Amino acid sequence: MKINKIEVDNIKLIQQLIKKEISFPGYLKKRGLSKYDNLKELKYIVNNNQYLLDGFLSIISIGLRCRAMKGLFDLIDDEIELFIDFSSSQISDFIRKNMEYNGESEVISHRTTSLEMIYDLAIILDLPLRYIENTSTEYEMIESFTEYKIPKIKKMKLYKLIEEVLIEMNQISRLKRRIFGVRIKNNFFDAGDSRHLCARVDIRENFFTIEIHLDNKANINYSELITLEESIGMKNEIYIRDAFLRTNQKLCILISKDNSIEQNIVYLNKSFLWRNVLFELKDEKLTKLLKEKEINFFF
């Protein structure tokens, strides 16, 4: 992606907001937001600086937080209403009414929206529930998965989930996009205490992702990841990245219906492929040396 001057200026405004050089109302006034503007500049940050992204997401309003995540996931309200029990106007109203006030505002938010819709949006937008439910939520990175612990969230084995998604994708009449949450039986990672792992499933037209919230950093190891990759039984890519506004990492499995895994998902950069995460070094000179067949050391 090629960045333009306006987007560079907008990233500078994000930095100024975090450093408290401008207030949140001042940020909104300088940034300006058209009706369909979902903060395109975040696409340049999401893979480059998680601290900057989380810092920004934590201090903006609920409404702007929702718009930011819709931008990262390429979602619109008309699309979301097709797979939840709420209309696009209800979603838009919720976002609009919660646009102006952040945690530092004197106005305290009073939620009038259905709690069920808040739970749905938390999973769809991949945000902890408390960052959508309450304006005055303090910035704290905790492993919070309240939205996944309600009766309608199914518990499934991974292979069964993949099987059901593929059946759905092969149906003639189906939605081009559907996002939902599941709790996957953890029979592939030893570290951690969770018997089930929370996962966000994003089914698109020709591919889908299963984004699993890992229970323990030790889950990121060669032996278990290679076993998981091979057990899926079809061509896939596995990515490891930090979760948004949470302490844990996410394991994202990308599977394509036609075995073509060259998909343009902005938050899944190739540097997050699990082998790169485990073995890639930031030192380019050392990386080049390691790739050479024979290394001659001179002392």
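Note that the structure is a prediction, hence the values are computed from the model and not measured.
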_Quick check: do Phe145 and His213 have side-chain heavy atoms less than 4.5 Å from each other?_
yes
*Leu64 side chain reached by Leu39 side chain, heavy atoms, under 4.5 Å*: yes
*Can you list the steps and then say if Ile60 with Leu17 is a side chain to side chain contact (heavy atoms under 4.5 Å, CB included)?*
CA-CA 9 Å; Ile60 58 179; Leu17 176 63; 4.0 Å; yes
_With rounding to the nearest 0.5 angstrom, report the CE to CZ distance, Met99 to Arg67._
5.0 Å
*Taking the six-membered ring for Trp and the single ring otherwise, decide whether the centroids of Tyr267 and Phe73 are under 6.0 Å apart.*
yes
*OG/Ser61 to CG/Leu28 distance, rounded to the nearest 0.5 angstrom?*
6.5 Å
_Quick check: closest heavy atoms across Phe86 and Gln90, and the distance to 0.1 Å?_
CA-OE1, 3.3 Å
*Considering all heavy atoms of both residues, which atom of Leu129 and which atom of Ile118 are nearest to each other, and what is their separation?*
CD1-CG2, 3.5 Å
_Check this for me: Tyr36, atom OH, are more than 12 non-hydrogen atoms of other residues, nucleotides or ligands nearer than 6.0 Å?_
no
*How far does OG of Ser223 sit from CG of Leu228, to the nearest 0.5 angstrom?*
11.5 Å
*Indicate yes or no: at least one non-hydrogen side-chain atom of Glu79 is less than 4.5 angstrom from one of Ile76.*
yes
*Please walk me through it: do Asn221 and Glu224 pass side-chain hydrogen bond (donor to acceptor under 3.5 Å, both in side chains)?*
CA-CA 6 Å; Asn221 67 82; Glu224 289 179 321; 2.6 Å; yes
*Backbone N or O of Tyr131 within a donor-acceptor pair of the Arg65 side chain at under 3.5 Å?*
yes
*Counting distance only, does the side-chain N/O of Asn10 pair as donor-acceptor with the main-chain N or O of Val8 below 3.5 Å?*
no
*Do Glu164 and Tyr159 meet the criterion of a side-chain donor-acceptor pair at a distance under 3.5 Å?*
no
_Donor on one side chain, acceptor on other, Asp77 and Ser92, under 3.5 Å_ = yes
*Mind checking whether Ile226 and Arg275 have side chains closer than 4.5 Å, heavy atoms only?*
yes
*Are more than 12 heavy atoms from other residues, nucleotides or ligands located less than 6.0 Å from atom CG of Asn170?*
yes
*Would you indicate whether the side-chain heavy atoms of Ile203 and Met169 approach each other to under 4.5 Å?*
yes
_As an exercise, state the distance from CG of Leu251 to CD1 of Ile238, rounded to the nearest 0.5 Å._
5.5 Å
*Pick out which of Ser89, Ser87, Ser88 makes a side-chain hydrogen bond (donor to acceptor under 3.5 Å, both in side chains) with Asp78.*
Ser88
*Can you check side-chain hydrogen bond (donor to acceptor under 3.5 Å, both in side chains) on Tyr27 and Gln16, steps first, answer last?*
CA-CA 8 Å; Tyr27 166 80; Gln16 290 171 8; over 6 Å; no
*Without hydrogens or angle criteria, can the side chains of Thr209 and Asp202 be said to hold a donor-acceptor pair below 3.5 Å?*
no
*If only atom types and distance count, is the side chain of Glu7 paired as donor or acceptor with the main-chain N or O of Asn4 below 3.5 Å?*
yes
_Salt bridge or not between Lys5 and Asp9? Use side-chain N to carboxylate O under 4.0 Å._
yes
*Drop me the distance from Arg96's CZ to Cys66's SG, to the nearest 0.5 angstrom.*
13.5 Å
_Ion pair check, Arg241 and Glu211, cut-off under 4.0 Å_ = no
*asked:* Please tell me whether Met156 and Ile167 are part of a single hydrophobic cluster in this structure, the criterion being side-chain heavy atoms less than 4.5 Å apart.
replied: no
*Just do the side-chain hydrogen bond (donor to acceptor under 3.5 Å, both in side chains) check on Ser271 and Asn276 with the steps written out, would you?*
CA-CA 6 Å; Ser271 63; Asn276 292 337; over 6 Å; no
_Using a 6.0 Å cut-off, check whether atom NZ of Lys185 has over 12 heavy atoms from anything other than its own residue._
no
*Please name the pair of heavy atoms, one in Ile210 and one in Ala199, separated by the smallest distance, quoted to 0.1 Å.*
CG2-CB, 4.3 Å
*Between Gly32 and Asp37, what is the shortest heavy-atom contact and its length?*
O-OD2, 3.9 Å
*asked:* Count I, L, V, M, F, W, Y as connected when their side-chain heavy atoms are under 4.5 Å apart, and connections chain through other members. Are Ile3 and Ile6 then in the same cluster?
replied: no
*Could you tell me whether Glu133 and Arg130 have a side-chain N and a carboxylate O separated by less than 4.0 Å?*
no
*Measure from the side-chain N and O atoms of Asn219 to the backbone N and O of Asp215, and report whether any donor-acceptor pair falls under 3.5 Å.*
yes
*Note, Phe188 side chain near Leu225 side chain (heavy atom, < 4.5 Å)*: no
_Using salt bridge (Lys or Arg N to Asp or Glu O under 4.0 Å), reason through Lys157 and Glu163 one step at a time and then give a plain yes or no._
CA-CA 10 Å; Lys157 292 183 177 179; Glu163 182 181 280; over 6 Å; no
*List the steps and the verdict of salt bridge (Lys or Arg N to Asp or Glu O under 4.0 Å) for Glu237 and Lys270.*
CA-CA 10 Å; Glu237 284 186 340; Lys270 293 297 182 183; 3.2 Å; yes
*asked:* Could you report the tightest heavy-atom contact between Leu175 and Leu82, atom names first, then the distance?
replied: CD1-O, 3.6 Å
*Does Asp193 CG have over 12 foreign heavy atoms under 6.0 Å away?*
no
*Would a 4.5 Å heavy-atom cut-off, applied to side chains only, mark Leu72 and Asn38 as touching?*
no
*Dump the intermediate steps for side chain to side chain contact (heavy atoms under 4.5 Å, CB included) on Ile91 and Asp93, then the final yes or no.*
CA-CA 5 Å; Ile91 299 167; Asp93 286 347; over 6 Å; no
*Distance from Ile11 atom CD1 to Leu42 atom CG, nearest 0.5 Å?*
8.0 Å
*Would you please classify the geometry between the Tyr222 ring and the Trp274 ring as parallel, tilted or perpendicular, with 30° and 60° separating the classes?*
tilted
*Looking at Glu205 and Arg177, does any basic side-chain N land under 4.0 Å from a carboxylate oxygen?*
no
*Can Gln50 and Asp242 be counted as having a side-chain donor-acceptor contact under 3.5 angstrom?*
no
*After noting the C-alpha distance and the side-chain angles of Phe208 and Leu254, does the key distance pass the side chain to side chain contact (heavy atoms under 4.5 Å, CB included) rule?*
CA-CA 6 Å; Phe208 65 97; Leu254 169 63; over 6 Å; no
*Is Asp74 paired with Lys43 through a side-chain N to carboxylate O contact shorter than 4.0 Å?*
yes
*State, to 0.1 Å, how close Asp54 and Leu245 come at their nearest heavy-atom pair, and which atoms those are.*
OD1-N, 3.1 Å
_Asp120/Lys152 ion pair, N-O < 4.0 Å_ = yes
*Decide, yes or no, whether a salt bridge links Arg200 with Glu147 under the criterion of side-chain N to carboxylate O below 4.0 Å.*
no
*side chain to side chain contact (heavy atoms under 4.5 Å, CB included) between Leu121 and Met69: does it pass, once the steps are laid out?*
CA-CA 10 Å; Leu121 288 177; Met69 298 310 292; over 6 Å; no
*Pairwise side-chain contact, Ile62 with Phe94, heavy-atom cut-off 4.5 Å (strictly under)*: yes
